[in-house]
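Structure, as structure tokens:
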Amino acid sequence: MGDAVKRWVSMRLHDVLGMSDPALAEYLIRLTERMPSMTHVLAELEDEITIDRAVEKFIGELWDRLIKKRRGGSSSSDDGNDEERQRRRDLRERDEYAERLRKRDEERTRNVANKGEEKAFEEAAKRLLLEKEGREKILPHLRVESRRKYLVKRKDDKLRELEADIQDDEYLFDDQVLTERERKEREYKKTVLKLAKDYDRVKDAEKVQRYVMPEEGGTVDDKYVEIDDKEKKPGYEQKKWEEDQMRGTALSFGARDKAEKYHSHEYNLVLEDEIEFIKSLPLEGTREKKKKKKKKKRREEESESSSSSEEEEEEEEAPKMSEHEKKKMTIAEVRRSLPVYPFKEALLDAIAEHQVLIIEGETGSGKSTQLPQYLYHAGYCSDGKKIGCTQPRRVAAMSVAARVSEEMGKKLGNEVGYSIRFEDCTSDRTRIKYMTDGMLLREFLMDPSLEGYSVMIIDEAHERTLHTDILFGLLKDITRFRSDLKLLISSATLDSAKFSDFFDEAPIFRIPGRRYPVHIYYTKSPEANYIDAAAVTVLQIHITQHLGDVLVFLTGQEEIEACQEILTERVKALGNKIRELVVLPIYANLPSDMQAKIFEPTPPGARKVILATNIAETSLTIDGITYVIDPGYAKQNYFNARSGMESLVVVPVSRASANQRAGRAGRVGPGKCFRLYTQWAFENEMDENTIPEIQRVNLGNVVLQLKSLGIHDLINFDYLDPPPAETLILALEQLYALKALNHKGELTSTGRKMAEIPVDPMMSRMILAADQYKVVEEILTVAAMLSVNGAIFYRPKDKAIHADTARKNFFHPDGDHLTLMNVYNEWEGTEYSSQWCYEVFIQHRSMKRARDIRDQLVGLMERVEVQLTSNPGDSVAIRKAITAGYFYHVARFSKGGMYKTAKKSQTVMMHPQSCLVEDLPRWVVYHELVMTTKEYMRNVVTIDGKWLLEVAPHYYKDTEVHDATSKKMPKTLGKAREELQKDYK
DNA sequence: GAGCACTGC
């Protein structure tokens, strides 16, 4: 390192900073040498000194000097110089573009303030929704209240409840470290129970059949074994130890039913119109049916042990809450009744003391709604800064914001607001802002240090969505230099220790939850056919158990339909011997009118059975579920970076997920969960937690966003759980091929624009390329339709042929992308008619979504400085634009109806639903590869091989496009990988 | 001639 440079730096430092120091000079030189761009140097310096124009200029000069030096030292060719110059010009353009964006954003935020008027209508609609929610909020409190009074009168029942409590407590939380208070509480409960039991033993137990602890060798247990012996003699010995394990959990009858009974009863009192409660009828004429299946005789016991006559008498005594009393429950009282309330002060103290705090509490503790309010009133917004709170789902962000605004007596969108895709309901007055996690990630692009916030709350962190995981790393980084920013991570149990470790041993604050006990039942032996087993269990419950709806978790549409068939068939066979059973399916792709059915109240005397996918695990909650049946499987998406292929596979769920499912039975009262696997399997075969999304998905989009945030080293980024290196490398490689990154792995101006468009990189590249071909409107339609994940065409089993012919009417000879475009355009022609959708077997909901996405993309075009051009008839231009984005996804016809990918010569097939399946073209571009029974290309267009040279000359060579036998990987790719890997080592 | 769990920007 030349002394001349050092001298020069020292001298200039005097001018710029008014001070100089040899160490500082050396530091600056080293830094500038190390950084990939001038912008990076400035970013690095930002923490230490204020960057003004003088500093910028100085660093620019220093950069130039060192670059010249670097180049002078090496024997780089003119080519290299050109490349370098081009690179620097591009970086400059990129930064200028970013600056323009920032300015535009500033203007826009200023305008937000006066758009309040148009929102009035929206507002009214939301308030209606809110009112309903408010009622739901009050309910649990009312229930607790009436329960309290009731219990004073019925000590007996209270003891039974206590029994169940302890059992649940021990089962659910035994493996967890208890606080002193919790332990004492449990001890106390046990003592009380012991006394009561002793008392009971002296007395006689003639009327109510009491639950008996297994170690005491109760009658229930004896019967249990007896029946089992009779029915399942072979294999019994082998299973015995499993049963021993099971005894601790699969018990408790009379007491449970009792509790359930009176809860339902109260519910009746409180809810009147909403849920109709029907007294459980004496069961008759169903005994022989019950015996049919062997494994669940425990439940038969229950039917025997509970006599309904006694309960009726109790109901008379239950307290009735008058209308007047109900109205007296104010919002304030509801707030005070939440489990989080007693901890308010302690919580605020802890937050004041620590910068990062992990808050552990089950859903229902009120933390999502109360915490921001506490902080708000404690003055965290006094300096005009905001409190942010992220949610993994849109509806959650919306409804929580609505509730909080109601509680605070403010108009939604003013002090309390929310921000989700397609809908920004905030103003410059907003102090408490709820948003989806992905939205906060977007916000990072505009405000990388979150200057506008004084507190950030990451809610539902245990769900570990891709976006929350990324946020963890970014936020951890920010807290290092923004000591005034408070970070709260809110999670439901289990993971909190891990979060604490990640955030440098941040303290954990525990808040108790509020959930009713759920009893877990396991099967004795594994079930070979869990669909059939689930159906049988449903019938068992229906025949032997008190009324209460049943929720069954299945993996997908196909299983749900199969199960539905079995159930209706068997119910028909049973005829009028049993009560009515209403079977309802629910999965995301089900048309919305059919989805809505699950929320309709169960008809009097009937029982509702809901067959659901994972959608019922977190995304939607159904009231009135008392029984959950969990076969223990779910479909999960895995992305294989090697093949670039996604596969949807059925896997056993994790223990965390199974517990979440069980919890769905305990929302309105005590419930039961029947697991169609053994306890041994639960404990030994299932994973503790579901593999976090970040390790299972394609990261192209995320990598681009992180790059845009100036995070260069993605391999060593601070992840809570790191994604596979291969996935990152593939993402980098693709971004390089798409010219979003240059050969040094820096973000290019194109990349910066791509990052603005909320779609996958290949798609955003396609959109930008459409500018050149003057078909932006068309490509946006294609992009929007592709983004609605394959849920456009509705294909009911009974009308499959009609649906298929309807679909064929949209076919475009050039491929599926254009077919989709046809669909959209025709729909647009009908003025977005839902009737039309219904007639041609198209899902209206998906179309609306496509329209939303398209509108957003259209709005973003100005932002990425692209003109809205259109040329609907130019199929070639449209397909060229598609190819410009998806040249990575090219396949060539090989033989025997098979294709080979241009990239890795993988054998792939045309998807049978594609419009090109009849007449296989030579060259195709596919949107995605899916692994089902075979490796299929889904959504395909035909192209001309020669276009590849025009559209991606850096990626394809002449020979590859013409010569059918060529199979080598293009050289540029190898080089790119090499270069990138070197950079990230 | 097959079959798309669920979110999110």
Side-chain angles (χ1 to χ4, degrees), chain A residues 390-397 419-424 435-445 460 463-471 553-562 586-590 612-620 633-638 646-651 653 657 660 690 692-694 696-697 700-702 704-705 708 754-761 763-764 783-784 787-797 800 803-804 843 846 849 852-853 856-857 860 897 909-914 917-918 928 930-939:
Chain A
T390 71
Q391 297 288 330
R393 275 170 297 279
R394 293 159 51 86
V395 266
S419 174
I420 56 180
R421 188 181 185 185
F422 311 129
E423 229 180 305
D424 183 7
M435 58 197 133
T436 44
D437 46 12
M439 208 62 194
L440 180 60
L441 210 52
R442 288 259 134 212
E443 257 183 46
F444 261 93
L445 283 180
E460 313 281 359
E463 284 192 27
R464 303 289 310 275
T465 67
L466 175 61
H467 290 151
T468 6
D469 265 24
I470 299 295
L471 284 173
F553 283 100
L554 296 166
T555 64
Q557 181 178 351
E558 204 182 346
E559 281 187 20
I560 288 173
E561 279 164 3
I586 177 87
Y587 45 88
N589 278 352
L590 192 73
T613 58
N614 249 359
I615 194 173
E617 197 177 298
T618 48
S619 308
L620 58 89
Y633 291 96
K635 277 187 185 169
Q636 244 180 14
N637 192 10
Y638 284 94
E646 292 186 331
S647 40
L648 201 57
V649 281
V650 175
V651 292
V653 297
S657 181
Q660 172 78 19
T690 313
E693 209 182 343
I694 196 171
R696 294 191 336 242
V697 297
N701 214 352
V702 165
L704 184 59
Q705 272 193 49
S708 303
M754 282 165 64
E756 285 299 313
I757 310 174
V759 294
D760 282 337
M763 193 178 276
S764 51
S787 301
V788 189
N789 230 351
I792 303 276
F793 300 103
Y794 176 56
R795 197 164 180 268
K797 235 184 187 168
D804 283 345
Q843 299 226 37
S846 303
R849 199 178 140 68
D852 276 341
I853 295 172
Q856 189 197 24
L857 293 177
L860 279 169
M909 308 280 287
M910 182 75 75
H911 197 284
Q913 296 249 30
S914 169
V917 80
E918 305 280 317
E928 59 183 347
V930 282
M931 173 75 184
T932 50
T933 48
K934 285 180 189 134
E935 291 162 341
Y936 284 111
M937 302 182 280
R938 213 155 49 187
N939 289 320

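Keep in mind the model is a prediction, meaning the values are calculated, not measured. Each chain gets a letter, A, B and so on, in the order the sequences are listed, and its residues count up from 1.
- Using a 4.0 Å heavy-atom cutoff across all strands shown, Ala634(A) reaches no nucleic acid atom at all.
- Nucleotide dC6(B) holds its P atom 18 Å from the NE2 atom of His467(A), rounded to whole Å.
- Proximity of a side-chain donor or acceptor of Ser647(A) to a complementary backbone N or O of Val649(A) within less than 3.5 Å is not detected.
- A distance-only check finds a donor-acceptor pair linking the side chain of Ser787(A) to the backbone of Ala783(A) [under 3.5 Å].
- Using a 4.0 Å heavy-atom criterion, one finds that Gln557(A) contacts the sugar-phosphate atoms exclusively.
- Here Arg394(A) lies in heavy-atom contact (under 4.0 Å) with sugar-phosphate atoms only.
- Within the 4.0 angstrom heavy-atom criterion, base atoms lie near Asn637(A).
- By the ring pair (Phe, Tyr, Trp, His ring centres under 6.0 Å) test, Tyr936(A) is found to be paired with His911(A), residues two or more places apart in sequence or in another chain being considered.
- Between Glu463(A) and Arg393(A), at least one side-chain N (NZ, or NE/NH1/NH2) sits under 4.0 Å from a carboxylate O, which counts as a salt bridge.
- Distance from the side chain of Asn701(A) is smallest for dG8(B) among the nucleotides dT7(B), dG1(B), dG8(B).
- Of the residues near DNA chain B, Asp804(A) and Gly556(A), the one whose nearest nucleotide (by heavy atom distance) lies more toward the 5' end is Asp804(A).
- Rounded to an integer number of Å, the gap from CG of Asp437(A) to P of dG8(B) is 9 Å.
- Nucleic acid contact for Leu466(A): none, since no nucleic acid atom lies under 4.0 Å from a heavy atom of the residue.
- Among the atoms of the strands shown, only primed sugar atoms or phosphate atoms (P, OP1, OP2) are found under 4.0 Å from some heavy atom of Arg393(A).
- Between the CD atom of Gln391(A) and the C1' atom of dT7(B) there is a distance of 13 Å, given to the nearest Å.
- As rounded to whole Å, 14 Å separates atom P of dG1(B) from atom CD of Gln913(A).
- Every residue was checked against the side-chain hydrogen bond (donor to acceptor under 3.5 Å, both in side chains) condition with Glu558(A), not counting sequence neighbours, and none meets it.
- Of the side-chain N and O atoms in Thr436(A), one or more sit less than 4.0 angstrom from OP1 or OP2 of dC9(B).
- If you measure from atom CE of Met937(A) to atom P of dC4(B), you get 16 Å, rounded to the nearest angstrom.
- In terms of phosphate contacts, Thr465(A) brings no side-chain nitrogen or oxygen within less than 4.0 Å of OP1 or OP2 of dG8(B).
- Note on Leu648(A): a base of the nucleic acid sits closer than 4.0 angstrom, heavy atoms only.
- Residues Tyr587(A) and Gln856(A) each lie close to DNA chain B; by heavy-atom proximity, the contact nearer the 5' end of the strand is made by Tyr587(A).
- Straight-line distance from the CG atom of Asn939(A) to the P atom of dC4(B): 13 Å, rounded to whole Å.
- Side-chain polar atoms of Ser657(A) and Glu617(A) form a donor-acceptor pair below 3.5 angstrom.
- The CG-C1' distance, from Leu860(A) to dC9(B), rounds to 10 Å in whole Å.
- A close approach under 4.0 Å does not occur between any side-chain nitrogen or oxygen of Lys635(A) and OP1 or OP2 of dC4(B).
- In this structure, the nucleotide among dC9(B), dG1(B), dC6(B) sitting nearest to the side chain of Arg421(A) is dC9(B).
- Nucleotide dG8(B) holds its C1' atom 11 Å from the CD1 atom of Ile420(A), rounded to whole Å.
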